[in-house]
Structure formats: C-alpha cells, structure tokens
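Residue numbering restarts at 1 for every chain, and letters A, B, ... go by the order of the sequence lines.
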Protein chains: 2
Amino acid sequence: MTQQDIARMTGVSQATVSLVLNGRADSDVRIAPETRARVLDAIRSTGYVADPIARRLAARRNRILGVFTYEPMFPAGTGDFYHPFLVGIEEGAESLGCDLLLFTSAPVADGRRRIFHEDNRLRLADGCVLLGRSLDRDELARLVAEGQPFVSVGRRDDAGGPVPYVGADYPAATAAIVERAVAVGHRTLAYVGQGDHPVGPAPQTGLDGQDRPAAPESHADRERGFRAAVAAAGVTGIREPVEDRSPAELLDSLLARGVTVALMEEYADGSAIASVARERGLEIPRDLSIAALGDPTRPAPSDVDFTMFRIPRRQMGWQAVEVLTGLIEGTPGPEGGEPRSAGAQRRGRSEAAARDGSERSRQSPTQILLDCEQVEGTTLAAPR
Amino acid sequence: MTQQDIARMTGVSQATVSLVLNGRADSDVRIAPETRARVLDAIRSTGYVADPIARRLAARRNRILGVFTYEPMFPAGTGDFYHPFLVGIEEGAESLGCDLLLFTSAPVADGRRRIFHEDNRLRLADGCVLLGRSLDRDELARLVAEGQPFVSVGRRDDAGGPVPYVGADYPAATAAIVERAVAVGHRTLAYVGQGDHPVGPAPQTGLDGQDRPAAPESHADRERGFRAAVAAAGVTGIREPVEDRSPAELLDSLLARGVTVALMEEYADGSAIASVARERGLEIPRDLSIAALGDPTRPAPSDVDFTMFRIPRRQMGWQAVEVLTGLIEGTPGPEGGEPRSAGAQRRGRSEAAARDGSERSRQSPTQILLDCEQVEGTTLAAPR
DNA sequence: TCAAGATGCTAATGCGAATTATCAGCGGCA
DNA sequence: TGCCGCTGATAATTCGCATTAGCATCTTGA
C-alpha cells in the first residue's frame, strides 16, 4: 500500500494523495472538495498509513524523540531513581504526539554507553533527551558542536557552548536546608558526600587538566549551595567524604568534629548513618540531626522520615521534552520553516512555566532549573 | 554529510562509498583494497554515519523494535508491575543491537490506547512487542491478518490465526499451588478473582457473542489450572468473585462456605483479606490459608510473606524480543533474503531456551510458556 | 472578445542510501 | 588481430513521500 496505489484507485496522482493526506489547504494548493473526499474514502477503506520512514526522509522530521541513558534504562540497582524521569518524558511525548526512541543499541565501551559510535543512530530521532548522573564531556561537546538538538535532564556545565538542560535547583534547595538547620540552632554543619573536590561558584571545567573526574554537576551544585549558605549564615561548614569509610567511621568523625547536623548528598548514606547511630543508642534528631539532599539514588530503607527535599523528577522529564521540541522547532527544517504535516499538529502544548527569569524574548529558554520540594521530616531538630 | 560528500572527497562514486561502508566483498562486488582504505579513512576522519532513515527506506529494515502498551508505559498506579518486562525487553534489545521505540503517540480512545489509528506509526519499527493485561481482539486480529511481525508478552488466544507470544505458564503454576495445598490437607479450596466466567480448556472466543468481555487470558489460565488440579485431586473447588464486595464480605463468604485456603488471582486482594482477617483476630495460616497467584499488579503492602508464585517477567520480556527478531527475520525483507547491512550483524544472539516442545523444525517456536517460580512463603499451612 | 485571474491537478524533482546492470581497461590466448 | 575473461568502478534505478513549478481549463471584468 503506497500513495501510488491510492492514487491509482481514485484516478488521481500520487502528489494529490499526498496533499490530501496532509490536509494541505494553502492558497497555492487547491483540491476540489469532492476529489478530497474520494481520496479520503479510499484511504480510510484501505487503512492506508503513510510510511513514516519515507516521510521522514522527505520531510526531514519525524515526531520521534530519542532518549539516551548512560545507565541501563530500566535499571534494577538504582531503586527506580530514573523511573520518574521517564514517566515525565512519556507524559510530555504523549501530549505532543511524539514517539519515544530508546537508544538501547548504543554499545558499551569502558563501562558506559556511548552516544557516538560507528553506526550511530542518533539521527533516527528529531532530537534527544539525555539522562544520567554524569554525561561524557566530549560527547556533550560534540553534540553542541554538531548542532544536534538535545536536552539534558539535569544541569550540565557548558561544553564548548551552552548545554540545554532542565535541572533541579540544588543550590537553592540545599541552602534552604542549611537555613532551616541554622534557624533551629545548629552552628556546625557537615556536608557528607562523595569526594572532596574544591568547589567554586563557577563550573569547574578541567582547568587543572581533566585527570581527575569532576564531581557530577548535581553533587557540585549541592555543595556549592551548602558553602554559600553556610558562609552567609556565618556558621561552620565541614566537608566529610563518604568513600572508603564505613558508616560507623563516618559517624565517629562527625561526632568528633562536633557536627550537630549532617547533610547527606545521598539519601542511602543517611539511612546507613541513622541506623548505625541507633545501634549505638543515639537518638536521631536529639543527638544528631540528619537531612537528605534529595531522593534516594540507591535503594534505601524508608523507615526513617527524613528531613529532606524532593527532586521534581517527573516534572523535569516532562519539561525536558518541552525544551527539546522548542529546540527542534528552532532548528530549520525542510526550508527553514515549520513542518506542515497535518498529523504533526501539536496537541496540548502547555505554557512551560519557565522560571529562569523574565520572558526576555519570544524564544523559550533552554536552561531551566526547577524548585525542589522541601519535606519537613523528623530528623532535624535543635541540637542538644 | 552524505555518501555523496564522501564520494567527492575521495574521488569515487556514491555507490562505491555505499559498498565500502557496508563491507561488501562478494564476488560480484570488487573494490581495490587501496580504494577501500581511502574511503574508510575519509569516513573515519569526518565521523560520517549513514542516515538510518535513508538506509531503512532502501534496505527495508531498521533494527528498531516497537513497544506498545495499552496502559501508560511507566505507570504510577500499577506498582511497577510492567517494569520488569521492560527491563527484559531492554536487555534483549541491547544484546541484539536494536533500538526500542515506544509508541507514546498512540492516541487514547475509550480509555485505552489504540494501535491502529489514522497516522499510525507502527511501520516505523521492524516489529512490535505488545504489553498489557488484555489486548484488543480486533487489533490483534488485524495485526495477524496484515502479517505485521509482533509478539505479545503474555499468552493470547488466537485471533484469526495464531498469536505469537511469550507467556507465563499460569495453569501449571496454579496447579502446583493447588497440589501443595492438597498435600498439606486442604479439601475445600477457593479461587478468588475477577468475574465468574465459565472457563473451558479452549479459548472462549465470543461464541456467545462478544457482548461480555472475556476474562483476560492471564486470569482465565489461572482459573483453568485451578479447575483442572482440583478435579484431578478430587477436592472441592469454589469460585469467589471479588468485584463489588468488601474484603470483609469476601472473608465472610469464604468462611461460611468452609473454605480453608484461598487462592488469590490478585496479590493485593490477598493482602486485603489477610489484613481484615488479622483485625478480626484470625491468624493467617492457621485459621485460613492464603496463596497469591503471581506478583502484585496493583501496589500492595509487602509485610506478609505470601505463599505464591512469581511471574518470570524479566525473562518474558527478553524472550519476547527473541521471538520477535525471529519473526522479523522470517519475514521476507528486500528480496526475501537476509539484510546485508554490515552494522546489522547480530551480536550476542542466545539460544532462546524454547520449552514449548521439541525442536520440531529449524524454525524457532513463536508461542512460548515459561515456568513460574514457586515461593514457599508462610501463608499456607495445614487447615485446623 | 480577450486578457487577467481563479481553479484543480499533475509532472518532476529530491531526500540518502542500496543495488543492479553496465562499462572501460587490461592481459592472455588462439 | 581479435575474442575472452577478469578486475574495478560507476550510472542508473529504486524505496515512498513531500514539495513546487507549471499546465490546462474555467471565470470574470472591461
């Protein structure tokens, strides 16, 4: 079944079938209503549908959004951390009438999937959503350089150009926790997380050579928010690394240094500390306050009602799709214009609440930070 | 970047570039080694990759597998019931070097997504995996009729022809539970599930008119296994519907009828019964045994260690992909042969353990039932 | 009555690759 | 010399659809 077949059936030309199919009714394209009806009838009766592949080849657009994840898409080990992002992405795609292409074919090299490889299939999609704790800088740079439309879920430092993203406002959310802690009387706070990289207000792009992998932006942002808030409040901020130490050792160190509240980069580490503390007969908000800086990335027991903030993961996914389609539309299509396909009419476009500042221009912003939801919880109280 | 560009750069024709790219070395296609090298160099230095779309148009194959779900793909309400299937599907696709296309663009009509609709995008993929408790018969029939390569995750009755599927062996798993119950002394067993449809050994295709929707195969299969096992053991099998009754009413009915063990079609209903029973001071294995016939489909408390069986969801997903690729390869491609694309070489094909009987022919089976894993649990004991 | 516009549709072309038929050059052999 | 066979590469075609220039035919208006 091709347009040619339909054309023969109805005694018109293939071009006419295409025009009718796409509901073209411009002034320079005229089809008699009865002809149109005849063709439509034939289309309906045969159940013909245009071959999306051929369509894409000719029209340069697909209504397919790619999704690339560095980790497996449906992971077993991350406690469904990625799941909410996908929910949001799916919602976004659905409301826009797009299909989602998961790049499961990307081969794994050096323990992670690679976007670019021989037989790269990126171009199958109109654009691409990137998911993962830390994205490869070089690949990111190449995407930017090639002008491939893409969006990262999660803020990313520039990579040879601004990287479009929809991220969570970790600095603000972390600062808010700090402020809450200070408000109830804490004066010695610890930031407990991976590594102990120097963190400045600016993205730390391998100025010092890229030998040591930088902390993922999501971590660096939290720490930055921590430092700023601590400085602003004039209290003591301590940095505690988690690697290579048992929860018990970590707890010892915290107590030894006089820390009264620990801000945990990773929820699961918070659980571990809490559990060790309990074993020692310590009581959690009383002897040591703990706050988690986000949802668990690794599976963690949920018996403790942590003081924390929640990452708006679902919304991030859905807004990422918004931004992406914006980018795609900005990219010149067939002749620098909007694609005309009738089926491609956007349905249910929402007014993506862009918070990144004023609506400075007609153009929608490509870098968005969303607020995190503060959770009261019961693990933060006045220090003894 | 097109093959044409590469061709100009190296002073050869587009055809030559294509031949080199695809590593063609047949006897009727000869390229001088040095020419080949020159072209390959150019390809590498420019980072050129063939446009998958154009490739598909010409070669008629994609390495894209479609995934269609009747419910939202990443649902919030099903307690991640579908998640393991997707994990398996992703694994399968990855090992085969295929991408996954989620048909999120399928519009919803009458409360469910439809496969067939104007502007159908099924053909984007080489084949399609179907996911969902109950698939639409008509759509299934149409898929069969059109010869579209597809596989259902979960057994399906014929629909105008055999439906390829990878399902769980519910009859056997349910029968095993019955046997375990009988072995410890139960004589009056209840099957508690939706509806109360007559169930025969054969698929009940609307002989009686399709007015009343048939039970989904997954339910019918369990019930069939139940009836058969009960009959074989010579004990009493009772049918209890769950709809329109509170767990309390259901419990009353079970006890009134002298049931000593309840086999719960749906895990969550088992939880509900157990909790009501406890509230009344009944003890669960002692006063009433309960077994769940599969993993929870709806979110359910997991505090009870149910006697049950587990659906091999992940494996089902991954085997479905296996079956699907088998079907796709069976379907004649360009000229009834195997596609030649160099990139399309299958990697990591496994010996899909087909249990559906002997290897009767070269052709791999398209209807597979996998064993469920029996879980001992603590909710089945001898009756008082 | 005739140019000027509408109207309705089609031929032709291109998208980027795969594939096939064909062609030019070159030894070797009779 | 002329024919054959072999090598290496290319022109041409195809896939199914979108798009545009343009060709008839039919109305108008003056």
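Heavy-atom minimum distance, B/Pro162 versus B/Val144: O-CG2, 4.3 Å.
Salt bridge annotation for A/Arg114-A/Asp136: present, with a cationic side-chain nitrogen under 4.0 angstrom from a carboxylate oxygen. Salt bridge annotation for A/Glu34-A/Arg38: absent, with no cationic side-chain nitrogen under 4.0 angstrom from a carboxylate oxygen.
DNA chain D lies under 4.0 Å from at least one heavy atom of each of the following residues of residues 2-20 of chain A: A/Thr2, A/Gln3, A/Gln14, A/Ala15, A/Ser18, A/Leu19. Residues of residues 28-38 of chain B that place a heavy atom closer than 4.0 Å to DNA chain D, in numerical order, are B/Arg30, B/Ile31, B/Ala32, B/Thr35.
When only modelled atom types and interatomic distance are considered, A/Gln14 and A/Gln4 share no side-chain donor-acceptor pair under 3.5 Å.
The phosphate of C/dA17 has OP1 or OP2 within less than 4.0 Å of a side-chain N or O from B/Tyr48. Residue A/Arg55 has no polar side-chain atom (N or O) positioned under 4.0 Å from OP1 or OP2 of D/dG16.
Under a 3.5 Å cut-off, the side chain of A/Thr325 and the backbone N or O of A/Val321 do form a donor-acceptor pair. When atom types are taken as modelled, the side chain of A/Asp126 and the backbone of A/Arg63 share a donor-acceptor pair closer than 3.5 angstrom. B/Arg137 places a side-chain N or O within donor-acceptor distance of the main-chain N or O of B/Asp158, the cut-off being under 3.5 Å.
Atom CD1 of A/Ile43 and atom C1' of D/dG16 are 14 Å apart (whole Å). If you measure from atom CG of B/Leu21 to atom P of C/dT19, you get 12 Å, rounded to the nearest angstrom. Between the CG atom of B/Leu57 and the P atom of C/dT19 there is a distance of 13 Å, rounded to whole Å. Nucleotide D/dC17 holds its P atom 12 Å from the CZ atom of B/Arg56, rounded to whole Å. Whole-Å rounding puts the B/Ile53 CD1 to D/dC17 C1' distance at 13 Å.
Rounded to the nearest 0.5 angstrom, A/Met1 CE and A/Asp51 CG are separated by 14.0 Å. One finds the CZ atom of A/Phe103 at 10.0 Å from the CG atom of B/Leu101 (value rounded to the nearest 0.5 Å). Expressed to the nearest 0.5 Å, how far CD1 of B/Ile43 lies from CG of B/Asp5 amounts to 12.0 Å.
In the helix from C/dT1-D/dA30 to C/dA30-D/dT1, the rotation axis of the first five pairs and that of the last five pairs differ in direction by 80°, rounded to 10 degrees.
With B/Val151 as the partner, the side chain to side chain contact (heavy atoms under 4.5 Å, CB included) test is satisfied by one option alone out of B/Thr366, B/Leu130, B/Leu327: B/Leu327.
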